[in-house]
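So the structure is just underneath, and the comments pick up after that.
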Amino acid sequence: MTGSRDDRHAAHAASFTHHADEYAAVRPGYPPAAVDLLVPAGARDVLDLAAGTGKLTAALVERGLRVVAVEPAAGMREQLAAALPGVELHDGSAEAIPLPDASVDVVTVAQAWHWFDEPAAAAEVARVLRPGGTLGIVWNDRDEDVPWVGAYGALLHEAAGPQLARDTHPEPGDAFTDVLRTDVRWDHVLTPDELVRLAGTRSYAIVLPPDERAALLDRVRTLVTTHPDLAGRPRVPVPYVTRVYTARRR
Ligand SMILES: C[S@@+](CC[C@H](N)C(=O)[O-])C[C@H]1O[C@@H](n2cnc3c(N)ncnc32)[C@H](O)[C@@H]1O
């Protein structure tokens, strides 16, 4: 893909709208231990920012919290509205959050902080959080130390070209304190077909020209059907490390 880093970034961030149904079907959710870390005892009002199809939103709703979701991509919002009709849902971005000042106890950001203009998003999150409130940022990373997962990841990294930064440690700035990281390990069980489809939901796979996308998914299918640790298995546990960062609003 050509264009400046900003153009590529915008195209990737916008890409989610086109494959929202696949995203909802095969991307992992978040383990309960990670949700426990994101929501401190006593929290009531939660903003799930960049809520997507509602994978984390659903876990928050299940805990009886009062949840507001903000998501800029129309396709993602449609899926969320269908799955969680009771949730208050707004079109909006991290850099312009459509909520009043000091209106929530927790802001959660799942799999999305790397898409944001960090200083602008941090300022907006600080504005909508009540003093003492929690910013919780979470990423699911496949455990690529497992050999077949490393080979699967290598195919995707090859297709991705220059990586958009995502391994970075969030730096929410001076309005926040007590930045902590905790890792939670767990397995997401998929069928071989879902494992191929999962590769197709990565933003860089979505924005590939159709022939390159088909070629990538063919390579992934070959791996999934021939790798000795995968071949012939009806279901495969995909090992994840969920990185949870929390920070407290001063
Ligand atoms: C990988 S998805 C994660 C969705 C959801 N949180 C989840 O865990 O499944 C990333 C989401 O970030 C959203 N996004 C991208 N840029 C954004 C921005 N600047 N502000 C808010 N959301 C953004 C995308 O539309 C997409 O829904």
Side-chain angles (χ1 to χ4, degrees), residues 5-32 34-35 37-39 46-62 67-84 87 89-99 104 106-125 127-128 135-142 156 160 163-167 170 172 184 186 188 197-207 240-245:
R5 188 186 182 286
D6 281 353
D7 289 346
R8 278 193 299 124
H9 194 87
H12 282 239
S15 69
F16 289 109
T17 219
H18 303 300
H19 288 257
D21 47 351
E22 272 297 273
Y23 190 104
V26 297
R27 282 283 192 112
Y30 300 94
V35 182
L37 292 163
L38 294 169
V39 185
V46 180
L47 163 62
D48 190 24
L49 181 57
T53 62
K55 283 198 179 278
L56 177 61
T57 324
L60 298 168
V61 169
E62 271 170 28
V67 185
V68 179
V70 168
E71 164 58 44
M76 297 300 233
R77 280 200 309 278
E78 272 170 36
Q79 293 275 337
L80 192 149
L84 300 167
V87 168
L89 173 61
H90 298 275
D91 181 5
S93 74
E95 297 80 6
I97 300 176
L99 293 187
V104 293
V106 174
V107 174
T108 55
V109 178
Q111 216 76 359
W113 185 263
H114 57 295
W115 295 115
F116 301 166
D117 171 338
E118 186 171 53
E124 274 295 83
V125 170
R127 181 184 66 75
V128 302
L135 164 62
I137 298 172
V138 62
W139 281 283
N140 276 327
D141 291 335
R142 289 181 309 274
L156 299 186
Q163 282 287 304
L164 296 166
R166 157 168 168 179
D167 297 335
V184 177
W186 63 292
H188 185 217
R197 289 162 55 200
L198 175 67
T201 68
R202 309 311 307 199
S203 62
Y204 42 78
I206 295 172
V207 300
Y240 277 92
V241 181
T242 299
R243 282 188 285 147
V244 183
Y245 292 89

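Counting convention: from 1, in listed order, for ligands and their atoms alike. Reckoned from all heavy atoms, side chains included, excluding hydrogens, waters and symmetry mates.
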In ligand 1, the atoms that come under 4.0 Å of a heavy atom of Met76 are 27 (O)
With atom 18 (C) of ligand 1 as the reference point, say which of Phe116, Trp115, Tyr23, Trp139 has the nearest heavy atom. Phe116
Please confirm whether the backbone N or O of Thr201 pairs with a side-chain atom of Arg27, one donor and one acceptor, at under 3.5 Å? yes
For Glu95, atoms of ligand 1 separated by under 4.0 Å from a heavy atom: 18 (C), 19 (N), 20 (N)
Quiz: residues 90-97 side-chain donor-acceptor pairs under 3.5 angstrom, not counting sequence neighbours:
{"residue": "His90", "atom": "NE2", "partner": "Glu88", "partner atom": "OE2", "Å": "2.7"}
{"residue": "Asp91", "atom": "OD1", "partner": "Arg77", "partner atom": "NH1", "Å": "3.2"}
{"residue": "Ser93", "atom": "OG", "partner": "Glu95", "partner atom": "N", "Å": "3.3"}
{"residue": "Ser93", "atom": "OG", "partner": "Glu95", "partner atom": "OE1", "Å": "3.3"}
{"residue": "Ser93", "atom": "OG", "partner": "Ala96", "partner atom": "N", "Å": "3.3"}
{"residue": "Glu95", "atom": "OE2", "partner": "Asp117", "partner atom": "N", "Å": "2.9"}

Is the shortest N/O to N/O distance between Ser93 and ligand 1 below 3.5 Å? no
Within the distance-only criterion (no hydrogens, no angle test), does the side chain of Gln111 pair as donor or acceptor with the backbone N or O of Asn140 below 3.5 angstrom? yes
Atoms of ligand 1 less than 4.0 Å from Ala73 heavy atoms? 25 (O)
4.5 Å side-chain heavy-atom contact, Trp186 and Pro28: yes
Could you see which bit of Ser203 sits under 4.0 Å from ligand 1, with heavy atoms only: side chain, backbone, both or neither? neither
Just to be sure I read this right, does ligand 1 sit under 4.0 Å from the backbone of Ala110, its side chain, both, or neither, counting only heavy atoms? both
Sequence neighbours excluded, the answer for side chain to side chain donor-acceptor pair (under 3.5 Å) partners of Glu124 is Arg127
Test item: Leu38 and Leu56 side chains (from C-beta on) under 4.5 Å apart, heavy atoms: yes
